[in-house]
Amino acid sequence: MSKAKQDDLQSILDLIQSKFGKASAIIPAQDPARSEVTEAIPTGIDVLDNYVFGVGGLPVGRAMEMFSPEGGGKTTFAWTALGAAIRHGSFVVYADQEQSFDEKRAALFGADPSKFLLLQPITMEETMEQVSEVVSKIKYDGPVLVVWDSIASAQFVAEMTGRFVKDNVDTRAKQLGKFCRTIMAQ
């Protein structure tokens, strides 16, 4: 990099840091980023751990969303993640919104049914409330894995009772966003 570009980079960095605080901007080669993943739960699937996730497994302290058409392997991967987290010694919660838990199939992926909590909520509100309640009560100080299978199939009470209107779409997005921020902060 030319001396002029390096000087610009440094002066702009200094400006941003003086206005918004030292942690607001960095030059990655000089300081570690706040967003660096420092711990991961290996899934045992090399391509996922090292190329898709790129950090050696499921990144601890992060929320992830997986999407695919029906039958695309989301639940199978969820069970794989459960098994990996259990082997890692994590506290594990599985919210089965679809009411499709299969103990024998989950066990094939290492998801020992005696080592995780299975929630079976009916509505989106129930799922958010149950997961929030569980996460707020966890005293374990290691990684916690919460799997919600699946947000896409979850329905609000208003949807189930036929009172769902267009304005509920905005409400759904806001509630999910708030829910994710809340449990990530706990």
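In what follows, residues are counted from 1 in the order of the sequence shown.
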Between Y140 and V131, is there shared hydrophobic-cluster membership here, with clusters defined by ILVMFWY side-chain heavy atoms closer than 4.5 Å?
yes
So F109 and I86, side-chain contact (heavy atoms from CB on, under 4.5 Å) or not? Walk me through it.
CA-CA 11 Å; F109 296 92; I86 289 167; over 6 Å; no
Do F179 and K174 have side chains that approach each other closer than 4.5 Å (heavy atoms only, starting at C-beta)?
no
Y51, OH: over 12 other non-hydrogen atoms inside 6.0 angstrom
no
Rounded distance [0.5 Å steps], CG in L119 versus CD in Q130
5.0 Å
Whether the side chain of N50 engages the backbone of G54 through a donor-acceptor N/O pair (distance < 3.5 Å, no angle test) should be reported.
no
Step by step, work out the side-chain contact (heavy atoms from CB on, under 4.5 Å) result for F77 and L48.
CA-CA 11 Å; F77 179 72; L48 287 176; 3.3 Å; yes
Note, Y94 side chain near L117 side chain (heavy atom, < 4.5 Å)
no
Note: G21 and S24 closest approach over all heavy atoms is O-OG, 2.6 Å
Cluster link L9 to L15, ILVMFWY, side chain under 4.5 Å
no
Is there a chain of hydrophobic side chains (I, L, V, M, F, W, Y, each step under 4.5 Å between heavy atoms) that links L108 to L82?
yes
Distance alone, cut at 3.5 Å: any donor-acceptor contact between the side chains of R105 and T76?
yes
Over 12 foreign heavy atoms within 6.0 Å of NZ, K115
no
Under 4.5 Å between side-chain heavy atoms, hopping through other hydrophobics if needed: is there a path connecting V52 to V37?
yes
Between L145 and A81, what is the shortest heavy-atom contact and its length?
CD2-O, 3.5 Å
If you count the non-hydrogen atoms of other residues, nucleotides and ligands that lie under 6.0 Å from CD in E70, is the total more than 12?
no
Check whether any side-chain heavy atom of F101 lies under 4.5 Å from a side-chain heavy atom of D149, and answer yes or no.
no
I want to check something: taking the side chain as every heavy atom from C-beta on, are I27 and Q10 in contact at a cut-off of under 4.5 Å?
yes
Are E133 and M128 packed together at the side-chain level, in the sense that at least one heavy-atom pair is separated by less than 4.5 angstrom?
no
Grab the two heavy atoms, one from P59 and one from M64, that are nearest each other, plus how far apart they are.
CD-SD, 3.6 Å
So CG of D8 and OG of S2: to nearest 0.5 Å the spacing works out to 8.0 Å
With rounding to the nearest 0.5 angstrom, report the NZ to CG distance, K22 to D14.
8.0 Å
Count the heavy atoms belonging to other residues, nucleotides or ligands that lie under 6.0 Å from CD of E103, then report whether that count exceeds 12.
no
Test item: T123 and T127 side chains (from C-beta on) under 4.5 Å apart, heavy atoms:
no
Over all heavy atoms of both residues, which pair between I41 and S90 is shortest? Give the atoms and the distance, please.
CD1-OG, 3.4 Å
Within-4.5 Å side-chain heavy-atom neighbours: I45 and F53
no
For a quick test of reading the model, state the closest non-hydrogen atom pair linking E39 to P143 and the distance between them.
OE2-CG, 3.3 Å
Check whether the ring centres of W79 and F116 lie less than 6.0 Å apart, and answer yes or no.
no
When rounded to the nearest 0.5 angstrom, what distance separates CD in E98 from NZ in K74?
7.0 Å
Counting only heavy atoms not in Q17, do more than 12 sit closer than 6.0 Å to its CD atom?
yes
CG of D31 to CG of L13, rounded to nearest 0.5 Å, is 8.0 Å
Taking the side chain as C-beta and beyond, is there a heavy-atom pair between I183 and S132 under 4.5 Å?
yes
Considering non-hydrogen atoms only, spot the tightest contact between A84 and P42 and give its length.
CB-O, 3.2 Å
Tell me whether D49 contacts the main-chain N or O of T43 through its side chain, where contact means a donor paired with an acceptor under 3.5 Å.
yes
